Each structure stands twice: as C-alpha cells, then as structure tokens.
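Heads up: the structure comes next, in structure tokens.
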Amino acid sequence: MSEPQLWHEVDAYFTDRLLPDAPDDALAAALRDSDAAGLPAIAVSPLQGKLLQLLAQVQGARHILEIGTLGGYSTIWLGRALPADGRLISLEYDPRHAEVAVRNIARAGLDQQVEVRVGAALDSLPQLADENPPPFDLVFIDADKVNNPHYMEWALRLTSTGSLIVLDNVVRGGRVADPANTDPDVVGTRAALDMIGSHPRLSGTAIQTVGAKAYDGFALARVLA
C-alpha cells in the first residue's frame with residue numbers, strides 16, 4: 001500500500017468513528033453541487049471541517065471571518081458553531097463560486113447568519129473595516145496564497161486579544177522549506193509565517209498533516225494584547 005493510500009484509509013477510519021454522520025445531507029450536497037459546477041476539489045476534509053468547528057466552539061465565537069468561500073463547505077462547518085445571534089462573513093473572489101456557496105449555505109439553514117461578499121478580498125476587507133464591525137473571534141484564511149501576508153495583516157486589524165487566526169495550506173507540498181523555491185504562493189506563505197513568528201501581538205504554531213488532502217498543514221495564531 002502506498003503512503004497516500006494509507007493516509008486515506010486512516011482518514012476514513014477516523015471519520016467513521018469520530019464523525020459517523022459526516023458529511024450529512026447539507027454537507028454532502030455542498031460537495032456534490034460544487035463538483036457539478038466545476039469548482040476545484042480543494043475544500044477541507046470532514047475532519048478538518050470538524051476541527052474548524054471545534055476551534056470556533058472552544059473560542060465561543062460569535063463573529064467569524066472567512067477569507068475564501070469556494071463552495072461554502074468550510075463555511076457550513078464554521079457557521080454551525082455560531083450561537084443563534086452569531087454572524088459569519090465570508091469573502092469570495094469568484095462570482096460563480098459565490099453563487100454555488102450561497103445556495104449551499106441556504107440549504108444548510110445558515111443564510112440568516114452567514115453573508116457571502118463577492119470581490120477581491122483586498123478590496124472587501126477595507127470596506128468591512130470601514131463598517132467598524134465587532135472584533136472577529138476567529139478568522140479562517142483559505143484564499144490565494146500569494147496574498148497571505150496581506151490577509152494576516154487585515155486579520156490582525158479586525159480581531160482583538162484572544163482571537164484565533166487559522167491559515168490553511170502552509171506546507172505547499174514541502175516547498176515552503178525549500179529556499180530555492182520562489183513560487184509566489186510559497187513566498188506569500190513564508191511571509192505570513194514570518195509575520196506570525198515575529199509579530200509582537202501574535203503567538204502561533206504550524207502543523208503538518210497527511211490524509212485525504214494529501215500532504216498539507218495549517219498555521220494557528222492567537223492574538224495577544
């Protein structure tokens with residue numbers, strides 16, 4: 001058995017025992033409709049979605065910001081962690097992706113709590129800041145990697161002490177550690193990690209993962225006073 005096959009089997013083992021009802025109808029439909037619409041198959045795995053949900057629940061998150069909606073699969077996991085009066089704002093560049101996501105979110109019964117804003121996130125984020133929203137308790141960044149350092153800067157601006165920032169896909173197949181690799185996505189990811197490691201208001205770590213999403217990982221940062 002190859003390593004990727006083994007990773008898939010272990011992921012399936014964990015999912016069967018820890019998430020016996022996942023994906024449920026709404027989550028399964030979100031993946032199915034995203035695939036039918038031709039969206040890239042890069043949504044988080046069920047185990048990763050549950051991790052995001054647990055982080056939001058541990059935080060007691062009432063306000064969540066997601067940068068990168070895709071088809072709304074991770075949005076649904078996060079939205080289900082909100083209290084009845086909670087709010088999630090998700091930013092999506094591609095109108096076609098957003099259209100699929102809005103339908104998926106509505107089918108999951110979260111359309112009253114979740115808002116998808118369409119456009120380049122670096123345009124949407126200043127507009128959001130101008131609205132002076134309450135600090136976001138959790139920010140999930142899963143968009144174009146070249147702009148990761150800019151997204152981290154905005155996440156720090158839009159959060160407060162104790163907030164969590166999750167930065168996805170930081171391993172880049174191991175390329176992040178190759179100094180000779182100058183791919184813009186790798187360079188952007190390195191810059192975001194450097195910010196987490198050096199910023200006086202951030203305390204963070206990064207974890208490598210293997211599984212249904214192959215070899216990947218994420219960074220987690222807590223906002224300090």
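All figures in this text were calculated on a predicted structure; none of them were measured in a lab.
In terms of heavy-atom proximity, Q53 sits nearest to W77 at NE2-O, 3.2 Å. When all heavy atoms of I196 and A221 are compared, the closest pair comes out as CG2-CB, 4.0 Å. Contact between T209 and G217 at its shortest, heavy atoms only, is OG1-N, 3.4 Å. Nearest heavy atom pair, residue D185 against residue T189, reads O-OG1, 2.8 Å. Taking each heavy atom of P135 and S160 in turn, the nearest pair found is CB-OG, 3.4 Å. Summarising the geometry of L167 relative to A192, their closest heavy-atom pair is CD2-CB, 3.6 Å, with the distance given to 0.1 Å.
L55 and I165 fall into different hydrophobic clusters, where Ile, Leu, Val, Met, Phe, Trp and Tyr side chains are chained together by heavy-atom contacts under 4.5 Å. Under the 4.5 Å side-chain heavy-atom criterion for Ile, Leu, Val, Met, Phe, Trp and Tyr, Y151 and L128 are members of the same hydrophobic cluster. Both I67 and V170 are assigned to one and the same hydrophobic cluster, defined by single-linkage of ILVMFWY side chains at heavy-atom distances under 4.5 Å. Both I141 and L202 belong to a single network of hydrophobic side chains, linked directly or stepwise wherever heavy atoms of I, L, V, M, F, W or Y lie under 4.5 Å apart. At a threshold of 4.5 Å between side-chain heavy atoms, the hydrophobic network of Ile, Leu, Val, Met, Phe, Trp and Tyr places L82 and I76 in one connected group.
When side chains are defined from C-beta on, R201 counts as touching L156, because their heavy atoms get closer than 4.5 Å. Using a 4.5 Å heavy-atom cutoff, the side chains of L193 and R190 are not in contact. Side chains of F140 and S90 form no contact here, defined as non-hydrogen atoms less than 4.5 Å apart. In this structure, L164 and L220 have side chains that are in contact, with non-hydrogen atoms separated by less than 4.5 Å. A 4.5 Å side-chain heavy-atom check between L125 and L158 finds at least one atom pair inside the cut-off. Looking at P46 and L27, their side chains never come closer than 4.5 Å, going by heavy atoms from C-beta outward. Between Y73 and V44 the shortest side-chain heavy-atom distance falls below 4.5 Å. No side-chain heavy atom of Q113 sits under 4.5 Å from any side-chain heavy atom of P83.
A salt bridge is absent between D183 and R172; no separation between the charged side-chain nitrogens and carboxylate oxygens falls under 4.0 Å. Using a cutoff of 4.0 Å between basic side-chain nitrogens and carboxylate oxygens, R157 and E153 are not scored as salt-bridged. Ion pairing of R62 with D137 is absent here, as no side-chain N (NZ or NE/NH1/NH2) approaches a carboxylate O to less than 4.0 Å. R87 has no carboxylate O lying under 4.0 Å from a charged side-chain N of E131, or vice versa, which leaves the two without a salt bridge. Salt-bridge formation is not detected for the pair D168/K213: no Lys NZ or Arg NE/NH1/NH2 atom is positioned less than 4.0 Å from an Asp or Glu carboxylate oxygen.
Judged purely by atom type and a 3.5 angstrom limit, D11 uses its side chain to pair as donor or acceptor with the backbone of A212. Judged purely by atom type and a 3.5 angstrom limit, E92 uses its side chain to pair as donor or acceptor with the backbone of T69. Remark: side-chain polar atoms of S163 are paired, donor with acceptor, to backbone N or O of F136 under 3.5 angstrom. Counting only distance, with no hydrogens or angles, the side chain of R96 and the backbone of A37 share a donor-acceptor pair below 3.5 Å. Put simply, the side chain of E66 never gets that close to the backbone of V116: no donor and acceptor are under 3.5 Å apart. Using modelled atom types, one side-chain atom of Q5 and one backbone atom of S2 make a donor-acceptor pair closer than 3.5 Å.
The environment of D25 atom CG is sparse: at most 12 non-hydrogen atoms of other residues, nucleotides or ligands sit within 6.0 angstrom.
A tilted orientation is assigned to the rings of Y215 and W7, their planes being inclined by 30° to 60°.
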